Amino acid sequence: MHNKIMVALDVTNKAQALAMRETLGESVGWLKVGLRLFVAEGPALIADLTQTHKVFLDLKFHDIPNTVAQAIESAGALGVQMVNVHAGGGKPMLEAAAKAAKAFPDMLLIAVTVLTSDTMPKEQALKVALERAKLAKDAGLDGVVCSVHEAAQIKEVCGAEFITVTPGIRWGNQSTQDQQRVADPKMAVEHGSDYLVIGRPILQAENPAEAANEAVRMMQGASKA
Ligand code: C5P
């Protein structure tokens, strides 16, 4: 189960990122590098992180097809195992991204459907997420980022093999912070989530590795686990 956890390394710099990696050790399989850290530290950090963990480069590319295809090629050259684009970029952009990603068979290409922080009503978020997931599937992508609340229906529509990556994970009495559509690790697995993106509940825990282990135990308790 720890291979299903992606820790969002939303920290300021390389020193903090490497310290968190050290703290987490093998308690998680993946590290997710987002805008803040990548803008600060760039490819050198990615090269370092890929030595010990799988890396999800979460930059949510959203631009004209040619520019996004070139960005996907650059991501592939970094050796990351997952990269994403924003499904809101439309079908030509998604197709260009999928075509570029073919050169990197070990890298999964994922589309963001609706940000889990988006305040649109749940029913609308589900409708938009499903439409965008279908679009991504038709364009040849491997899966989507979505909330746990949409994961099961996306699997129904796009097939069990279509990957769902779910942020917005919270448990116990943790604050939801800016996330709108949250779920706990057990529920995430029961709804068919393939990968759970967890940031602050692990980063801000007194013992991050133990927080990751706690999430794993909850996932193991899921009825589909
Ligand atoms: O701290 P928290 O667990 O809320 O972090 C969630 C992580 O997932 C953040 O890095 C955020 O950028 C990312 N993310 C998200 N919603 C999406 C896509 C990515 O929260 N739809």
Side-chain angles (χ1 to χ4, degrees), residues 4-13 16-17 20-21 24 27-41 45-46 49 53-62 75 80 82-89 108-120 122 124-133 135-136 141-151 154 163-188 191 193-206 208 211-212 214-216 218-219:
K4 279 175 167 285
I5 297 186
M6 302 177 143
V7 172
L9 279 182
D10 295 328
V11 296
T12 319
N13 55 40
Q16 288 177 3
M20 182 51 67
R21 170 178 68 174
L24 290 166
S27 64
V28 299
W30 289 73
L31 299 172
K32 182 178 83 68
V33 175
L35 287 166
R36 181 186 188 180
L37 192 54
F38 192 75
V39 170
E41 299 290 357
L45 175 67
I46 303 295
L49 296 177
H53 289 76
K54 291 186 175 177
V55 173
F56 171 17
L57 188 62
D58 177 21
L59 301 182
K60 304 182 181 68
F61 299 140
H62 189 170
V80 298
M82 185 181 284
V83 67
N84 61 358
V85 297
H86 204 301
L108 296 166
L109 177 62
I110 303 292
V112 174
T113 54
V114 180
L115 295 175
T116 42
S117 57
D118 196 300
T119 52
M120 74 170 76
K122 254 189 193 172
Q124 194 190 344
L126 176 62
K127 189 171 166 276
V128 176
L130 279 171
E131 280 169 13
R132 289 186 174 166
L135 196 67
L141 276 74
D142 298 299
V144 287
V145 181
C146 61
S147 96
V148 167
H149 303 274
E150 295 128 24
I154 286 175
I163 293 168
T164 53
V165 179
T166 60
I169 305 293
R170 295 290 185 276
W171 64 93
N173 53 11
Q174 289 164 354
S175 160
T176 56
Q177 289 143 327
D178 54 349
Q179 297 287 9
Q180 297 289 332
R181 304 190 310 288
V182 300
D184 70 31
K186 178 170 183 276
M187 189 175 161
H191 284 240
S193 171
D194 295 294
Y195 297 104
L196 285 69
V197 174
I198 311 180
R200 287 161 291 185
I202 288 180
L203 298 183
Q204 295 175 0
E206 218 167 284
E214 198 184 341
V216 165
M218 293 179 77
M219 291 159 76

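Predicted model only: the values in this text are computed from it and were never measured. Start at 1 and go down the list; that is how both ligands and their atoms are numbered.
- Summarising the contacts of atom 17 (C) of ligand 1 with P167, P201, S147, the nearest heavy atom is found in P167.
- D10 has its side chain within reach of L203: a pair of non-hydrogen atoms, C-beta onward, lies under 4.5 Å apart.
- For ligand 1, the atoms lying closer than 4.0 Å to a non-hydrogen atom of V197 are 7 (C), 8 (O).
- In terms of heavy atoms, V28 sits closest to A212 at CG1-CB, 3.7 Å.
- A donor atom on one side chain and an acceptor atom on the other are found under 3.5 Å apart for Q177 and R170.
- Heavy-atom contacts from other residues, nucleotides or ligands closer than 6.0 Å to NZ of K54 number 12 or fewer.
- Nearest protein heavy-atom contact of atom 11 (C) of ligand 1 is K32 NZ, 4.1 Å.
- Residue-ligand proximity, R170 to ligand 1, at heavy-atom distances under 4.0 Å covers atoms 1 (O), 2 (P), 3 (O), 4 (O).
- When each atom of ligand 1 is checked for a heavy atom of R200 under 4.0 Å away, the hits are 1 (O), 2 (P), 3 (O), 4 (O).
- The ligand atoms of ligand 1 that sit less than 4.0 angstrom from a heavy atom of D10 are 9 (C), 10 (O).
- In terms of protein heavy-atom proximity, atom 16 (N) of ligand 1 is nearest to T116 OG1, 2.9 Å.
- Looking only at side-chain heavy atoms (C-beta outward), V33 and F56 stay at 4.5 Å or farther from each other.
- Remark: minimum distance from atom 6 (C) of ligand 1 to any protein heavy atom is reached at Q179 NE2, 3.6 Å.
- Against a heavy-atom cut-off of under 4.0 Å, A8 is close to the following atoms of ligand 1: 7 (C), 10 (O).
- The distance criterion of under 3.5 Å between nitrogen or oxygen atoms is not met by D178 with respect to ligand 1.
- Of all non-hydrogen atoms in Q174 and I169, the two that sit nearest each other are OE1-O, 4.5 Å.
- Within the 4.5 Å cutoff, side-chain heavy atoms of R21 are placed close to those of L49.
- Every atom of ligand 1 is numbered from 1 in the order shown, and the set under 4.0 Å from a heavy atom of K60 is 12 (O), 18 (C), 19 (C).
- Residues H86 and R132 have side chains in contact (heavy-atom distance under 4.5 Å, counting atoms from C-beta outward).
- A salt bridge does not link D58 to R36: none of the charged nitrogens lies less than 4.0 Å from a carboxylate oxygen.
- Below 4.0 Å from some heavy atom of G199 lie the following atoms of ligand 1, by number and element: 1 (O), 2 (P), 3 (O), 5 (O).
- Both the backbone and the side chain of L115 come within 4.0 Å of ligand 1, judged by heavy-atom distances.
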